[in-house]
Enquirer: 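Structure in structure tokens, see below.
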Amino acid sequence: MNVNSKALFKLSYGLFLLTSKNEYKDNGCIVNTAIQLTSNPMRISIAVNKSNYTHDMIMESGIFNISVLTENTPFELFRNFGFQTGKMSDKFRDYPELRSQNGVMYIDKFANAVISGKVTGTVDCGTHTLFIADVTEAEVLSDEPSVTYDYYFKNIKPKPDSAEKKKKGYVCKICGYVYEGDELPEDFVCPICKHEASDFEKIQ
């Protein structure tokens with residue numbers, strides 16, 4: 001077991017690739033909530049949407065990895081892991097098979113750290129489950145800066161075309177899905193990336 005505490009410093013307000021597995025396959029999704037809770041024992045928490053397939057895998061296996069994504073992450077990775085379901089597709093088809101000690105795959109090319117967790121408790125938060133986990137492995141992979149929401153919006157996410165700008169409604173800040181309507185329901189969940197209404201903004 002190798003736990004490098006410096007890897008936990010990479011957990012800033014940003015975007016992370018969360019991965020888990022069952023007996024048949026690995027799967028992954030993009031999450032935006034990963035927090036270090038305590039140092040001794042080293043413990044973290046993650047919030048995962050219940051409608052996401054990766055959520056079910058973590059509930060079943062109790063283990064996961066977090067790849068802390070960097071500013072050089074291409075949009076295609078977000079499209080692959082954030083916008084497409086993993087039930088029928090192999091999301092790792094274009095990436096090397098790298099596994100941590102817990103046996104779960106992770107991404108290293110566009111990550112500055114990988115952190116493995118073993119779930120010790122859960123909190124039901126309605127649309128999400130908050131997983132509390134002990135860190136079983138943590139490695140620093142590079143010195144590249146972690147990607148933030150602001151950087152993602154300005155430099156990675158494709159700019160909407162003029163037709164998109166003319167639409168009325170709300171747009172998902174994560175994947176760009178447009179909800180057309182005067183009011184966005186509070187319990188609305190994006191059908192593409194599974195993020196909730198708080199991740200939408202009104203189209204001006």
Side-chain angles (χ1 to χ4, degrees), residues 10-20 27-35 45-58 64 66-95 107 109-112 123-131 144-204:
K10 306 288 188 179
L11 287 180
S12 58
Y13 181 66
L15 297 167
F16 315 99
L17 175 58
L18 174 69
T19 55
S20 191
N27 197 55
C29 67
I30 303 296
V31 297
N32 57 11
T33 305
I35 302 170
S45 70
I46 55 170
V48 188
N49 195 301
K50 292 179 182 178
S51 62
N52 198 299
Y53 188 38
T54 308
H55 171 278
D56 299 339
M57 287 183 161
I58 298 175
F64 62 84
I66 295 173
S67 299
V68 184
L69 298 177
T70 64
E71 290 182 352
N72 65 357
T73 306
F75 182 69
E76 284 307 311
L77 184 143
F78 292 99
R79 184 191 301 277
N80 182 40
F81 287 99
F83 312 160
Q84 302 181 56
T85 177
K87 289 187 176 181
M88 303 300 293
S89 63
D90 175 15
K91 291 191 174 186
F92 291 91
R93 63 190 177 278
D94 297 325
Y95 301 94
I107 299 295
K109 186 177 180 181
F110 305 114
N112 58 29
V123 179
D124 189 324
C125 300
T127 58
H128 289 63
T129 296
L130 185 69
F131 292 99
E144 292 288 331
S146 301
V147 66
T148 63
Y149 260 124
D150 187 57
Y151 189 91
Y152 171 77
F153 295 141
K154 290 181 179 178
N155 301 283
I156 299 176
K157 182 176 178 289
K159 302 297 185 289
D161 57 29
S162 57
E164 286 284 330
K165 292 179 181 178
K166 292 178 181 177
K167 288 183 178 179
K168 293 182 179 180
Y170 296 78
V171 60
C172 177
K173 294 186 291 185
I174 305 301
C175 72
Y177 172 81
V178 174
Y179 173 89
E180 295 186 39
D182 294 330
E183 294 294 332
L184 181 71
E186 292 183 1
D187 60 351
F188 186 78
V189 174
C190 179
I192 305 299
C193 67
K194 307 303 182 185
H195 282 72
E196 56 189 1
S198 60
D199 284 317
F200 279 71
E201 63 183 2
K202 192 169 185 177
I203 298 174
Q204 302 298 323

Enquirer: Check Glu144 against Asn112 and note the closest heavy-atom contact, atom names and distance.
Expert: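 Shortest heavy-atom contact: O-ND2, 2.9 Å.
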Enquirer: Can you tell if the side chain of Glu71 reaches within under 4.5 Å of the side chain of Asn155, non-hydrogen atoms only?
Expert: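 Not in contact.
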Enquirer: Considering all heavy atoms of both residues, which atom of Cys172 and which atom of Lys157 are nearest to each other, and what is their separation?
Expert: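 Closest approach of Cys172 to Lys157: O-CE, 4.2 Å.
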Enquirer: Taking all atoms of both residues into account, what is the closest heavy-atom pair of Val31 and Ala47, and its distance?
Expert: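 The pair with the smallest heavy-atom distance is CG1-O, 4.2 Å.
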Enquirer: Scan side-chain atoms only and decide if Asn49 and Ser51 contain a donor-acceptor pair under the 3.5 Å cut-off.
Expert: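 Yes, side-chain donor-acceptor contact under 3.5 Å.
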Enquirer: What distance separates Leu69 CG from Tyr151 OH, expressed to the nearest 0.5 Å?
Expert: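 Answer for the CG-OH pair, Leu69 versus Tyr151, is 13.0 Å.
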Enquirer: Start with the C-alpha gap between Tyr95 and Phe110, add the side-chain angles, then the distance that decides, and say whether side chain to side chain contact (heavy atoms under 4.5 Å, CB included) holds.
Expert: CA-CA 11 Å; Tyr95 301 94; Phe110 305 114; 4.3 Å; yes
Enquirer: Nearest 0.5 angstrom please: Phe64 CZ to Asn27 CG, how far?
Expert: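 Here the interatomic distance stands at 15.0 Å.
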Enquirer: If every non-hydrogen atom of Leu184 is compared with every non-hydrogen atom of Tyr170, which pair is closest and at what distance?
Expert: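 So the minimum-distance heavy-atom pair works out to N-CE1, 3.5 Å.
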Enquirer: Let me confirm one number: the NZ-CZ distance from Lys159 to Phe153, rounded to the nearest 0.5 Å.
Expert: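 It is 11.0 Å, given to the nearest 0.5 Å.
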Enquirer: Which heavy atom of Ile156 sits nearest to which heavy atom of Pro74, and what is that distance?
Expert: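 Distance-wise, the nearest heavy atoms are CG2-C, 4.2 Å.
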Enquirer: Just verifying a value: how many Å separate Thr129 OG1 and Asp124 CG, rounded to the nearest 0.5 Å?
Expert: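 Answer for the OG1-CG pair, Thr129 versus Asp124, is 5.5 Å.
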Enquirer: Looking at Asp182, I'd like to know if its CG atom is crowded, meaning that more than 12 non-hydrogen atoms belonging to other residues, nucleotides or ligands lie closer than 6.0 Å.
Expert: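 No, because the 6.0 Å sphere around CG of Asp182 holds 12 heavy atoms or fewer from other groups.
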Enquirer: Can you tell if the side chain of Leu18 reaches within under 4.5 Å of the side chain of Ser20, non-hydrogen atoms only?
Expert: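 Contact flag for Leu18/Ser20 side chains = no.
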Enquirer: Under a 4.5 Å cut-off applied to non-hydrogen side-chain atoms, are Thr19 and Lys91 in contact?
Expert: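 Side chain of Thr19 against side chain of Lys91, heavy atoms only: no contact under 4.5 Å found.
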Enquirer: To the nearest 0.5 Å, how far apart are CG in Asn80 and SG in Cys29?
Expert: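 Reported to 0.5 Å precision, the distance equals 12.0 Å.
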Enquirer: Step by step, would you call Asn72 with Thr70 a side chain to side chain donor-acceptor pair (under 3.5 Å)?
Expert: CA-CA 5 Å; Asn72 65 357; Thr70 64; 2.2 Å; yes
Enquirer: Once you measure the plane-to-plane angle for Phe200 and Tyr177, does it fall in the parallel (<30°), tilted (30-60°) or perpendicular (>60°) bin?
Expert: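 It falls in the perpendicular class, over 60°.
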Enquirer: Stepwise, does the side chain to side chain contact (heavy atoms under 4.5 Å, CB included) test hold for Leu17 with Ile30?
Expert: CA-CA 5 Å; Leu17 175 58; Ile30 303 296; 4.2 Å; yes
Enquirer: With rounding to the nearest 0.5 Å, note down the distance linking CZ in Arg79 to SG in Cys175.
Expert: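 That separation rounds to 10.0 Å.
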Enquirer: Is there side-chain contact between Val178 and Val171, with heavy atoms separated by less than 4.5 Å?
Expert: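 When only atoms from C-beta onward are counted, Val171 and Val178 do touch, with a gap below 4.5 Å.
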Enquirer: Which atom pairs, donor and acceptor, lie under 3.5 Å between side-chain atoms of residues 188-199 and protein residues at least two apart or in another chain?
Expert:
unit_1: His195; atom_1: ND1; unit_2: Cys193; atom_2: O; d: 3.2
unit_1: Glu196; atom_1: OE1; unit_2: Thr127; atom_2: OG1; d: 3.0

